[in-house]
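Only one structure is covered here, and it is reproduced in the block below.
Order of the sequence lines sets the chain letters (A, B, ...), proteins ahead of strands, with each chain counted from 1. Computed from a predicted structure; not experimentally measured. Every heavy atom of this structure was used, including side-chain atoms; hydrogens, water molecules and symmetry mates were not.
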There are 2 protein chains.
Amino acid sequence: MADAQKPTINDVARLSGVSKKTVSRVINKSPLLNQATREKVESVIADLGYVPNLQARALALRRNFLIGLIHDNPNAQMVLGVQEGILDTIRSTEFALVVRPVDRHSPTLFDDIRRFIEQQRLYGVMLLPPLSERDDLAQLCRDLGCTVVRMGSARLDDDAHLVASNDRQAVSDAVAWLAELGHSRIGFVAGPEGFRSARERELGFHDGLARAGLKPDPAIMTRGTYRFESGRAAGEQLLSAPTPPTAVFSSNDEMAAGVLHAARERGLDVPEDLSIIGFDDTATAAHIWPPLTTVRWPIRAMARTAAAKLIHPSSAASEPSIFLSDLVRRASAITYPPESR
Amino acid sequence: MADAQKPTINDVARLSGVSKKTVSRVINKSPLLNQATREKVESVIADLGYVPNLQARALALRRNFLIGLIHDNPNAQMVLGVQEGILDTIRSTEFALVVRPVDRHSPTLFDDIRRFIEQQRLYGVMLLPPLSERDDLAQLCRDLGCTVVRMGSARLDDDAHLVASNDRQAVSDAVAWLAELGHSRIGFVAGPEGFRSARERELGFHDGLARAGLKPDPAIMTRGTYRFESGRAAGEQLLSAPTPPTAVFSSNDEMAAGVLHAARERGLDVPEDLSIIGFDDTATAAHIWPPLTTVRWPIRAMARTAAAKLIHPSSAASEPSIFLSDLVRRASAITYPPESR
DNA sequence: TTGTAAGCGTTATCAA
DNA sequence: TTGATAACGCTTACAA
């Protein structure tokens, strides 16, 4: 049953009494076609359940219909959000989404990517952070004849090749809000060095303090790896400062959860004794106790736009590339001093 | 720079002074080839940086090199784990992984999947739960001439078309362990009706009680939707029973986190007043407080095997299909009554 | 062990 | 507005 040879363009041509070129014109919606002819061919196509062979088209057109997603798993929800966003855009087209997780520490990273693009002859590629921050990787893809759109947290490239959130602004706003709540000792957990997102968030932190007229205090600022354990260590460090912070901004949710654990282990209550804000709005953020106030960025919408820039470079390339994030206010950050005490 | 026409098999043939068929033989590692010829051709291939055109191969071979992953986002970490597992297997081959998230409640689900498979002419498809539990979908893929491997939590199909965890056994073990810890009032939060995984876990729960010589008590058993909020509601319900449970098994982590919130809102301490066990070992499980004891299934390994069954049906089809899960013991489940009280 | 001719299913060229 | 013919880059007969 599965092997009832799929009908080809020849079958359609024969059955509708036209040449295959005419059928091809119908498929490609050529404008110069007799309406009657078109309708006849279309009805045969429907009858037969004919679906054009994409591989053959790709061969003849000397171009492919594959979009590649290359990433080194920044976090599961983000990768999945991106996939959904890309699909939103390409679902009604002939394009397909091919994924390739890679290891950015692998010595063969370059070759892996080259091989992937060459072998599959990708039409376009989307790069996720932190890979997207590397100009050499973007250049590699271009040299391979493949359009690239990079997703990041700052202006990594020109509008045609970029979708980015404005992390600096978002963090600045979050910190300013903590200050409005009455906090004047605000701790900071930075992300790992070498990550552009980490740097942007760090800049945003300083911006926020400045807006509130506060001075940064190195005693309550530290750095983590974006992983849970590092957040816990960072929390311990900050909370054992001579004058500990009353609020902490963590550069991502996973570390924020770590800070929360550290506080708990010292017998502190969150948010009564310590307010915490994270970044990313991962699933965890809403499911920990107390629910985490955090910065959410519109990943899916960004990916939708990114895909549009890839497949309609002419019309979509100039669409806005910078997306605004917003602060999701949950229970982990409250006024200082707490009202109910 | 990008448009330096890629070399073709003809270029290789010309430069190495052989026919294209011979080059083809080299590419396909045909055994009957003069060693010297092979080496010469290989060196030309290397010089040229020639990469065979997969689309052309696909056309000539009348088969494709695309594996599809169809899912309705059971949870982000699982989907990503599956993608990584599949890539582990296909990385060194010519296959690529094409993903297609779908909406299982969409009226066009059937057509969406058909269109995807027909259009991309997939070689094989992997189905994730809960979609994988539907025989009609698996049959659809087969009718379209595409091998299918289903991932599930029970024997949904024969070995050649299945990778499954043994949820029933895993839950039974978890519940038996709670009993060993001294709990005799063990509550249960079931997953949504219609989910095979939910049923298996439910059966496992009863098995576990039976093994411990305990009777199920409907007053401390309820059902959720696998979502956080439903877990919270379930927790409230169980904890307001005339004689509330001292431990709860939740059919997934997300609901377990909800039960935890419910307990907290009633002023209960976890695990001192209530032990909780979840299922899935999502990222959240390790990051909530207290860290959640949960069942972990070897998703990536399962996906690796699934991919092998797809691309090497002859050798891998008979590999074992049932994978064992294990209990990850963290702080959320302790003895009853608690020792330190 | 190697080569020739034909074909896979589509589109481009150029006439009609 | 349509159609014959030659690509596209590769593989499978079938010879040599």
Side-chain angles (χ1 to χ4, degrees), chain A residues 3-42 44-45 48-66 94-95 118-123 145, chain B residues 3-42 44-45 48-66 94-95 118-123 145:
Chain A
D3 272 347
Q5 284 302 335
K6 302 227 168 88
T8 74
I9 199 171
N10 288 308
D11 300 323
V12 178
R14 187 166 27 79
L15 264 63
S16 43
V18 300
S19 75
K20 50 201 264 199
K21 180 66 224 187
T22 300
V23 178
S24 168
R25 290 196 176 95
V26 172
I27 298 171
N28 293 285
K29 306 199 192 310
S30 157
L32 18 73
L33 255 185
N34 187 318
Q35 185 58 24
T37 315
R38 159 170 292 128
E39 279 166 10
K40 186 170 53 173
V41 174
E42 277 172 347
V44 172
I45 289 183
L48 245 42
Y50 163 71
V51 180
N53 183 319
L54 264 188
Q55 276 67 44
R57 282 194 85 195
L59 186 58
L61 288 169
R62 254 157 298 174
R63 87 201 245 325
N64 207 150
F65 299 92
L66 299 176
E94 297 177 291
F95 283 92
E118 284 187 340
Q119 185 172 268
Q120 301 298 332
R121 283 186 153 66
L122 299 183
Y123 177 81
Chain B
D3 272 348
Q5 284 300 336
K6 303 229 169 86
T8 75
I9 197 171
N10 288 308
D11 300 322
V12 178
R14 187 166 26 80
L15 264 62
S16 42
V18 300
S19 76
K20 52 199 261 197
K21 179 64 229 191
T22 300
V23 179
S24 169
R25 289 198 176 94
V26 172
I27 297 172
N28 292 287
K29 306 199 194 307
S30 158
L32 17 72
L33 254 186
N34 186 319
Q35 185 59 23
T37 315
R38 159 171 291 130
E39 279 165 10
K40 186 171 54 175
V41 173
E42 276 172 347
V44 173
I45 290 183
L48 245 42
Y50 165 71
V51 180
N53 183 319
L54 264 187
Q55 275 67 45
R57 285 194 84 195
L59 185 58
L61 286 169
R62 254 156 296 173
R63 87 204 243 334
N64 207 152
F65 298 92
L66 298 176
E94 297 177 290
F95 283 93
E118 283 186 339
Q119 185 172 269
Q120 301 299 331
R121 286 187 151 66
L122 299 184
Y123 178 81

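For B/Ser30, the side chain to side chain donor-acceptor pair (under 3.5 Å) test picks out no residue, with sequence neighbours left out. Remark: B/Arg57 pairs with B/Asn28, B/Glu94 by the side chain to side chain donor-acceptor pair (under 3.5 Å) rule, at least two apart or across chains. Not a single side chain to side chain donor-acceptor pair (under 3.5 Å) links B/Arg63 to another residue, sequence neighbours left out. In this view, A/Ala56 and A/Asn53, B/Leu59 satisfy the side-chain contact (heavy atoms from CB on, under 4.5 Å) rule, not counting sequence neighbours. B/Asn64 is linked by a side chain to side chain donor-acceptor pair (under 3.5 Å) to A/Gln55, counting only residues two or more places apart in sequence or in another chain. Legend: residues meeting salt bridge (charged side-chain N to carboxylate O under 4.0 Å, His left out) with B/Arg62, ordered by chain and number and at least two apart, are absent.
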Shorter than 3.5 Å, N or O on both sides, protein versus nucleotides 12-14 of chain C: list them out with atom names.
unit_1 : atom_1 : unit_2  : atom_2 : d
C/dA12 : N7     : A/Lys21 : NZ     : 3.1

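Between the axis at the start and the axis at the end of the helix from C/dT1-D/dA16 to C/dA16-D/dT1 there is an angle of 30°, using five pairs per end and rounding to 10 degrees.
Once you apply a 4.0 Å limit to the heavy atoms of chain A, the touched nucleotides of DNA chain D run 5' to 3' over D/dT1 to D/dG9.
Contacts between residues 8-19 of chain B and DNA chain D, defined by a heavy-atom separation under 4.0 Å, are made by B/Thr8, B/Ile9.
Here salt bridge (Lys or Arg N to Asp or Glu O under 4.0 Å) pairs that include residues 30-40 of chain A, with residues two or more places apart or in two chains, number zero. Screening residues 11-26 of chain A for salt bridge (Lys or Arg N to Asp or Glu O under 4.0 Å) gives A/Asp11-A/Arg14 as the qualifying pairs, with residues at least two apart or on separate chains.
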